[in-house]
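Everything below concerns the one structure shown next.
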Amino acid sequence: MFDCLIIGGGVSGVSCALVLGSALEKPFMLDKKIGIITHQKGSMLQDALFNNAYGITPGTLGSDLLLQTTKDLQELYPKIEQIAHEKVVSIVTEADYFLVTTTHTIYESKIVVVAVNSSNPFTIEGCLQPYVIPHRKSLAKKNRIQLANNDHLVFKNAYVAGTLAGHRSQLAIAAGSGAAVATDILTLWNNGIETHAHDSIRKKE
């Protein structure tokens with residue numbers, strides 16, 4: 001049983017995982033099990049070239065960034081389980097948790113974060129299908145979709161991040177979206193007390 005399972009290894013998914021990973025030493029996080037399914041074939045980063053993304057060296061290729069960020073996640077926060085080469089085919093609710101079925105197996109998780117791209121159609125069957133709507137910030141001719149949500153929350157314990165949350169396709173926006181979801185989850189786990197996670201060169205509090 002995962003406490004949180006992130007679906008999608010692009011910008012928003014890995015950003016979410018990095019923030020959660022950086023908080024693993026907090027007292028309320030010590031027993032949390034977090035995973036990320038990093039299936040990459042549908043990522044919009046595969047053909048990207050970045051010259052205007054804050055903190056990213058100009059000329060960085062999206063394909064290289066995909067590899068580097070999952071490598072960084074593994075090296076910095078090895079407790080977060082990375083699941084590669086599996087594609088999610090359905091998410092269904094079961095009592096107070098989710099059954100996430102992939103092309104290989106079935107996982108259980110108390111929270112899911114869906115961070116795949118906004119391509120139409122939405123191929124994950126199950127409880128999220130009723131929330132699929134046309135993308136509100138994309139040109140109609142692009143035929144993009146999103147999941148209806150309230151500040152990234154689709155319904156209890158089901159979150160969406162990145163372009164699928166209705167954001168425009170910019171790396172900085174996607175990264176911020178994933179980080180925002182992570183801090184909302186941290187706050188939930190911290191009994192509703194607002195919290196976030198970041199490192200500092202100063203002495204840790």
Side-chain angles (χ1 to χ4, degrees), residues 2-20 34-45 48 83 86-103 106-190 192 194-196:
F2 286 96
D3 291 283
C4 178
L5 185 59
I6 302 163
I7 299 163
V11 178
S12 57
V14 175
S15 177
C16 183
L18 284 166
V19 173
L20 292 177
I34 301 166
I36 179 170
I37 298 175
T38 59
H39 185 68
Q40 302 283 18
K41 290 185 178 180
S43 176
M44 294 178 177
L45 262 69
I83 303 166
E86 297 186 33
K87 184 177 181 180
V88 174
V89 295
S90 73
I91 302 172
V92 297
T93 53
E94 182 70 26
D96 58 349
Y97 62 93
F98 297 92
L99 293 177
V100 179
T101 301
T102 74
T103 47
I106 299 175
Y107 299 97
E108 298 177 347
S109 186
K110 297 175 184 176
I111 291 175
V112 293
V113 179
V114 183
V116 299
N117 69 45
S118 56
S119 297
N120 196 2
F122 182 66
T123 58
I124 300 175
E125 296 297 326
C127 62
L128 295 174
Q129 280 289 338
Y131 297 89
V132 176
I133 61 173
H135 200 287
R136 291 170 176 164
K137 291 186 177 180
S138 180
L139 293 173
K141 65 181 180 181
K142 291 187 176 181
N143 196 29
R144 298 292 184 185
I145 52 94
Q146 68 173 82
L147 296 181
N149 67 92
N150 181 12
D151 193 19
H152 297 105
L153 184 67
V154 181
F155 57 86
K156 184 178 180 181
N157 294 333
Y159 295 84
V160 61
T163 57
L164 192 64
H167 296 297
R168 293 189 176 94
S169 181
Q170 291 284 149
L171 183 143
I173 297 173
S177 172
V181 169
T183 57
D184 285 347
I185 292 171
L186 291 177
T187 298
L188 177 68
W189 286 341
N190 194 30
E194 192 280 327
T195 190
H196 51 272

Check: Looking at Lys110 and Phe98, what are the two nearest heavy atoms and their distance?
Finding: O-CE1, 3.7 Å
Margin query: Looking at every non-hydrogen atom in both residues, tell me the closest pair between Phe122 and Asn120 and how far apart they are.
Written below: N-OD1, 4.1 Å
Check: Quick one: which of Ile124, Val114, Ile106, Ile7 gives a side-chain contact (heavy atoms from CB on, under 4.5 Å) with Val100?
Finding: Ile7
Next item on the list: Flag the pair Val160 / Leu128 as yes when at least one side-chain heavy-atom distance between them is below 4.5 Å, and no otherwise.
Entry: no
Note to self: Could you measure the distance from the CG atom of Leu164 to the NE2 atom of His135? Nearest 0.5 Å is fine.
What the structure shows: 8.0 Å
Check: Which atom pair, heavy atoms only, marks the closest approach of Ser109 to Val112?
Finding: CB-CG1, 4.4 Å
Next item on the list: Can you see which heavy atom on Ala179 is nearest to which on Ser15, and at what distance?
Entry: N-OG, 3.5 Å
Next item on the list: Given side-chain contact (heavy atoms from CB on, under 4.5 Å), test Val88 with Thr101 step by step and report yes or no.
Entry: CA-CA 6 Å; Val88 174; Thr101 301; over 6 Å; no
Margin query: Treating Thr195 as the side-chain partner and Thr187 as the backbone partner, does any N or O pair qualify as donor plus acceptor under 3.5 Å?
Written below: no
Next item on the list: Report the residues that fulfil ring pair (Phe, Tyr, Trp, His ring centres under 6.0 Å) with His167, sequence neighbours left out, ordered by chain and then residue number.
Entry: His152
Notebook entry, point to check: Does the pair Ile6 and Leu20 meet the rule for a side-chain contact (heavy atoms from CB on, under 4.5 Å), with working shown?
Noted result: CA-CA 11 Å; Ile6 302 163; Leu20 292 177; 4.2 Å; yes
Margin query: Run Ile133 and Gln146 through side-chain contact (heavy atoms from CB on, under 4.5 Å) and show every step you take.
Written below: CA-CA 6 Å; Ile133 61 173; Gln146 68 173 82; 3.5 Å; yes
Checklist line | Donor + acceptor pair across side chains of Ser119, Arg144 (<3.5 Å) | finding: yes
Check: With sequence neighbours left out, which residue pairs that include part of residues 88-99 fulfil the salt bridge (charged side-chain N to carboxylate O under 4.0 Å, His left out) condition?
Finding: none
Next item on the list: Apply side-chain hydrogen bond (donor to acceptor under 3.5 Å, both in side chains) to Tyr107 and list each qualifying residue two or more places apart in sequence or on a separate chain.
Entry: Glu86
Next item on the list: Please say which of Val154, Val181, Asn157, Ile34 ends up in a side-chain contact (heavy atoms from CB on, under 4.5 Å) with Val113.
Entry: Val181
Next item on the list: Test Leu186 against Val19 for side-chain contact (heavy atoms from CB on, under 4.5 Å), laying out the working first.
Entry: CA-CA 9 Å; Leu186 291 177; Val19 173; 4.3 Å; yes
Check: Is there a side-chain contact between Thr123 and Lys87, using heavy atoms and a 4.5 Å cut-off?
Finding: yes
Margin query: Restricting to non-hydrogen atoms, name the atom on Ala17 and the atom on Ile36 that form the minimum distance, rounded to 0.1 Å.
Written below: CB-CD1, 4.1 Å
Checklist line | Polar side-chain atom of Ser177 near backbone of Gly162 as donor-acceptor pair, under 3.5 Å | finding: yes
Note to self: Is there a side-chain contact between Cys16 and Tyr159 in this structure, where contact means two heavy atoms from C-beta onward sitting under 4.5 Å apart?
What the structure shows: no
Margin query: Please find the pair of heavy atoms, one from Cys4 and one from Ile185, that lie closest to each other, and give the distance.
Written below: SG-CD1, 4.0 Å
Check: Is there a side-chain contact between Leu5 and Ile111, using heavy atoms and a 4.5 Å cut-off?
Finding: no
Check: Measuring from Ile145:CD1 to Ser138:OG, what's the distance to the nearest 0.5 Å?
Finding: 10.5 Å
Checklist line | Ser118 OG to Arg168 CZ distance, which is reported to the nearest 0.5 Å | finding: 12.5 Å
